[in-house]
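I have placed the structure first, in the form of structure tokens, so that the comments after it can refer back to it.
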Amino acid sequence: MSNDKLRRQIAYEAARLMVARHASDFYRAKMKAGRRVYQGWVKPSDLPTDQEIRDQIQSLARIHERNCRTAGPDEVPIGEMPIEPAHVEARQQVERFQIYRVLLVPLETVQQKPQWHPEGDALYHSLQVFDLARDALPYDEEFQLAALLHDVGKAIDPRDHIGAALESLDGHITERTAWLIAHHSEAGALRDGTLGVRARRRLEASEDFDDLMLLCDCDRRGRQLGVAVPDVDQALAHLRELSHANGAL
């Protein structure tokens, strides 16, 4: 088996393990997948990168969405999976809340600058912001999602965490949620008085401007030490229930 094909198969299996919650992080997923695919010791150079696994998760999600559009109410068509061997159950399991979970969990390893984030890691911060957003707008799933997911890009590309977040979430959030995430840093600059006039006017022209500034306030308040927060699965369970109550996105 060629090295490229081996990497692709391991990346696919790691993605399947993560969306099925059989592995909680990229390292465990790729090690477990390597043992399953290769059935022996795998050289580190043959293991896929975290980004390769993310790409496979996105592929699974796109296949799932396409099949859900074409399937009947009690049927999901089999089709062809992108990497052999095919795993039909993975297609049935991939949905947006699992994508969110895969993107959120690595934030626990992202330590932030203490002068700006004394609370510590980016996951703890995100859960604080989500909890504040839930209290502020209890029935607004889009707003709460923006609060929970606004920093997921920090585990992908710290140099452009907003762009990385939007790329990873493309197709899995609404335009409003994406807009709130895209502009949350500008809202902070506006609060600090450092945002340019043109950028400020563009933000103020949006019907979601007030919600953006509310998100900014939640972001700044969500930086406390020792605050009790829900865990990732509890936060996602709440959002799933809210989605069902409001109608799916």
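Remember, it's a predicted structure, so these values are computed and weren't measured experimentally.
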Candidate pair R96 and E141, rule salt bridge (Lys or Arg N to Asp or Glu O under 4.0 Å), full reasoning:
CA-CA 13 Å; R96 62 188 179 95; E141 180 194 355; 2.9 Å; yes

What pairs with [X] under salt bridge (Lys or Arg N to Asp or Glu O under 4.0 Å), at least two apart in sequence or on another chain?
X	answer
R223	D219
R200	E204
D231	none
R191	D217

I'd like to know if the side chain of S168 reaches the main chain of A164, judged simply by a donor and an acceptor atom lying under 3.5 Å from each other, with no hydrogens or angles considered.
yes

Check whether S243 reaches the backbone of L239 with its side chain - one donor and one acceptor, N or O, closer than 3.5 Å.
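Looks like no, no N/O pair under 3.5 Å.
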
Of all residues at least two apart in sequence or in a different chain, which pass the side-chain hydrogen bond (donor to acceptor under 3.5 Å, both in side chains) check with [X]?
X	answer
E52	R7, T49
T109	none
R159	D157

Which heavy atom in [X] sits nearest to a heavy atom in [Y], and how many Å separate them?
X	Y	answer
R176	D208	NE-OD1, 3.1 Å
A165	V152	CB-CG2, 3.6 Å
G222	L132	N-CD1, 3.6 Å
Q224	Y124	O-CE2, 3.5 Å
L166	I181	CD2-CG2, 4.0 Å
I10	P48	CG2-CD, 3.4 Å

Between [Y] and [X], do the side chains contain a donor N or O and an acceptor N or O under 3.5 Å apart?
X	Y	answer
E142	T177	no
E241	H238	no
R8	Y12	no

Taking atom CD of E207 as the centre, report whether more than 12 heavy atoms of other residues, nucleotides or ligands fall under 6.0 Å from it.
no

When clusters are formed from ILVMFWY side-chain contacts under 4.5 Å, directly or step by step, what else is grouped with V129?
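V129 shares its hydrophobic cluster with L137, F143, W179, L180, L190, L195, L203, F209, L212, M213, L214, L215.
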
With heavy-atom distances below 4.5 Å as the criterion, would you say the side chains of [X] and [Y] are in contact?
X	Y	value
L127	D131	no
I162	H183	no
I156	L103	yes
R134	P230	yes

Nearest 0.5 angstrom please: [X] [atom1] to [Y] [atom2], how far?
X	Y	atom1	atom2	answer
L169	T174	CG	OG1	10.5 Å
L145	D140	CG	CG	9.5 Å
L148	Q128	CG	CD	12.5 Å
S126	K154	OG	NZ	7.5 Å
L149	Y100	CG	OH	6.5 Å
F97	H172	CZ	NE2	12.5 Å

P158: which residues meet the side-chain contact (heavy atoms from CB on, under 4.5 Å) condition with it, sequence neighbours left out?
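For P158 there are no side-chain contact (heavy atoms from CB on, under 4.5 Å) partners, ignoring immediate neighbours.
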
With D192 via side-chain contact (heavy atoms from CB on, under 4.5 Å) - residues at least two apart
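Listed in chain order: T194, R220.
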
Residue pairs meeting salt bridge (Lys or Arg N to Asp or Glu O under 4.0 Å), one or both in residues 111-126, sequence neighbours left out, come to none

Ring pair (Phe, Tyr, Trp, His ring centres under 6.0 Å) partners of H184, counting only residues at least two apart
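H184 satisfies ring pair (Phe, Tyr, Trp, His ring centres under 6.0 Å) with H150, H161 only.
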
